[in-house]
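Just below is one structure, and these are the notes that go with it.
Everything quoted here is computed from the prediction, not taken from an experiment. Just so it is clear: chains get the letters A, B, ... in the order the sequence lines come, proteins before strands, and each one is counted from 1.
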Amino acid sequence: MNLRPAIRLASAAFGLATLLSAALPAGAADSVDPAADAKAFQNYFTTKFPKLKPADFVNGPYSLNEDMHRQWVEKEEFPPYEFSLEMGKEMFAKPFRNGKSYADCFDNGGIGVRQNYPYFDEREGKVITLELALNRCREANGEAPLSYVKDEMAALTAYMAFTSRGKPFDIKVPNDPRALAAFENGKEYFYTRRGQLNFSCASCHVQNPGERIRAETLAPALGILNAMPIYRSAWGGMGTISRRFTSCNSQIRGVPLEPQSDEYRDLEYYLSYVSNGLPISGPGARP
Amino acid sequence: MKMISRRIPILALAAAFVLLATTSTSLLAAASEADFNAAYAEAEAANKQAGAQRDQWTTTAATLANAKKAAESGNFDSAVAEAREAEALAKASVFQATHEKDAWKAAVIR
């Protein structure tokens, strides 16, 4: 009896299983179903807040309270992010020293594409966020990267979000074990308690949206990234997604990771995907 | 016999004195730089482990900084106390990260 083909087949199967178990978090290989996760996620929030339409969630706490909603409507007449938006528009149009511009790095010249970020780059095997893509564009054209947490990055993303307003988030998770692992890692980060206060992202934004933490009304996680970047009165300025993630970690007394670390990129991927179908509303303003 | 019975209280008194002297010395002894270095190294090692688990706490970092500051000013008692506090915080963060490795799944919306 020739056992060689059977041994080869068994070895190949073992190799494939090892590869998959290395790529996916423990226990995830048989359970990663982004579509089911997004459905359950959206269902949770629409059940918790039955008076809200799905699109209302992109306005965060302003949709949860009538008085705050009135404040927001008035605020939108002279929005505090307007200066940042103008700055972003100018930055976006200004050519780099080599004559090229941001428009050369993005589909459709970078106009109306915010809803497609982040995406999974199958060549690189990683998640690419809009902030990361902007800095890669700069570096590819001989410019220094911008800080991920400061005003210039906020201004650029504000402009790109503005040109995409109303377009529904359209994040794709391809059937690639690395993309599924990135999605699952983002989910794990979102639900994992950390910091001395022992909070997860979900502690505030899933378990307690609409409740107050000190003077702030907590926003629901559904649609939370659709409004980014945001002008926060508490910050007295604009903030990027990177700033939001790092400052959340600091607030719970955790040492923030590097902006655009794999964990934050995966977190953004997960949070954006589960808000698929909800319109981009950025740049936003928050208390 | 009389000699022995007289010696017992003297021996007991001497033993008590020696015991008291050694105990009070160890209780009152000021911590040394070496004590600080050892305590700080242990705290740093625990915090490094928390870093490998991507779950360091800002309070650990602040307490480590306090320990170093106290040592630089020559206050090794305070420096050792701060380093031990930092080690306890770091170990708590390691416990948290280890526990959360599976516990997070219970919170997922289904």
Side-chain angles (χ1 to χ4, degrees), chain A residues 25-28 31-33 36-48 184-209 220-222 246-247 249-258 261-264 266-267 270-271 274, chain B residues 36-72 78-110:
Chain A
S31 60
V32 184
D33 186 347
D37 279 353
K39 194 177 170 194
F41 199 85
Q42 298 196 7
N43 186 49
Y44 171 84
F45 285 100
T46 49
T47 305
K48 192 174 176 73
E184 192 69 4
N185 287 336
K187 183 163 101 180
E188 179 176 345
Y189 195 90
F190 181 75
Y191 286 105
T192 295
R193 289 174 179 271
R194 53 176 49 82
Q196 194 186 19
L197 299 188
N198 201 34
F199 274 37
S200 67
C201 310
S203 303
C204 289
H205 302 291
V206 170
Q207 290 143 21
N208 290 289
L222 180 62
T246 53
S247 60
N249 280 169
S250 302
Q251 282 172 329
I252 56 160
R253 300 186 189 162
V255 174
L257 306 176
E258 276 294 299
S261 60
D262 286 347
E263 288 91 339
Y264 285 153
D266 292 348
L267 173 63
Y270 169 73
L271 263 180
V274 293
Chain B
F36 163 70
N37 286 338
Y40 193 84
E42 282 185 29
E44 262 198 327
N47 196 34
K48 201 173 168 189
Q49 196 186 338
Q53 293 175 289
R54 311 289 270 168
D55 188 18
Q56 286 175 318
W57 293 357
T58 52
T59 36
T60 309
T63 313
L64 278 170
N66 289 344
K68 209 165 212 175
K69 210 171 160 188
E72 278 162 7
S78 172
V80 167
E82 293 278 4
R84 286 187 182 145
E85 170 82 15
E87 186 191 358
L89 288 168
K91 282 186 172 168
S93 64
V94 168
F95 175 82
Q96 179 189 52
T98 308
H99 176 260
E100 282 298 304
K101 206 69 206 147
D102 284 319
W104 68 271
K105 293 172 192 162
V108 173
I109 297 173
R110 291 174 208 284

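Neither the backbone nor the side chain of A:N249 comes within contact range of chain B; no heavy atoms are under 4.5 Å apart. Contacts of A:S261 with chain B are made by side-chain atoms alone, with heavy-atom separations under 4.5 Å and no backbone atom involved. Neither the backbone nor the side chain of A:Y189 comes within contact range of chain B; no heavy atoms are under 4.5 Å apart.
Side-chain contact between A:V206 and A:Y44: present, with at least one pair of heavy atoms (C-beta onward) separated by less than 4.5 Å.
No side-chain donor from either of B:E85 and B:T63 sits under 3.5 Å from a side-chain acceptor of the other.
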A:E188/B:K101 under side chain to side chain contact (heavy atoms under 4.5 Å, CB included): CA gap, chis, key distance, verdict = CA-CA 9 Å; A:E188 179 176 345; B:K101 206 69 206 147; 3.2 Å; yes
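For B:Q56, the side chain to side chain donor-acceptor pair (under 3.5 Å) test picks out no residue, with sequence neighbours left out.
Between B:F95 and B:H99, the ring planes are parallel. Angles under 30° get that label, and only those over 60° would be called perpendicular.
Among the candidates A:K187, A:R193, A:K39, A:E263, the residue making the largest number of heavy-atom pairs closer than 4.5 Å to chain B is A:R193. Interface summary for chain B: among A:G254, A:S200, A:G195, the most heavy-atom pairs under 4.5 angstrom belong to A:G195.
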